*Asks:* 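Can you read through this structure? Questions will come right after.
Nothing here was measured: the structure is a model prediction, and the numbers come from that model.
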Amino acid sequence: MSLKDPQGFNFPESEPFTEFASLQPLIVGTRLHLGVILAVVAAVLIWGVLRQKFFVRVVGFSPKAAVYAGINSDVYDRLCLRKFG
């Protein structure tokens, strides 16, 4: 089975996706689609998880350094106890 486009005049490209397999544009006439919004939401979620993980590690490895850095260690202690038992 070849993925080559039969209408591609022997150029090395695959066949275009069907209408059902592609995201519809948010603004007609542009290539801006829902994937941009999903990427931004995913980036914000990943940032939040990594930020929380960093603070938990700082509090766990050195509570004195966390207090010196202005991190409220009680909040992250309770968070870890609630999350992991």
*Asks:* Find out whether Val67 and Ser73 are in side-chain contact, i.e. whether some heavy atom of one side chain is under 4.5 Å from a heavy atom of the other.
*Replies:* yes
*Asks:* Compare every heavy atom of Gln24 with every heavy atom of His33, then report the nearest pair and how far apart it is.
*Replies:*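 Closest pair (atom of His33, atom of Gln24, distance): CB-O, 3.4 Å.
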*Asks:* What residue among Leu34, Val36, Val41 forms side chain to side chain contact (heavy atoms under 4.5 Å, CB included) with Leu38?
*Replies:*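 Only one option passes, and that is Leu34.
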*Asks:* Find the distance between CD1 (Ile71) and OG (Ser62) and round it off to the nearest 0.5 Å.
*Replies:*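 Rounded to the nearest 0.5 Å, the CD1-OG separation comes to 10.0 Å.
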*Asks:* Report yes if the side chains of Ile37 and Leu26 come closer than 4.5 Å at any heavy-atom pair, otherwise no.
*Replies:* yes
*Asks:* At what distance, to the nearest 0.5 angstrom, does CG of Leu79 lie from CG of Asp74?
*Replies:* 12.5 Å
*Asks:* What distance do Asn72 atom CG and Arg78 atom CZ have between them, rounded to the nearest 0.5 Å?
*Replies:*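 Here the rounded value is 7.5 Å.
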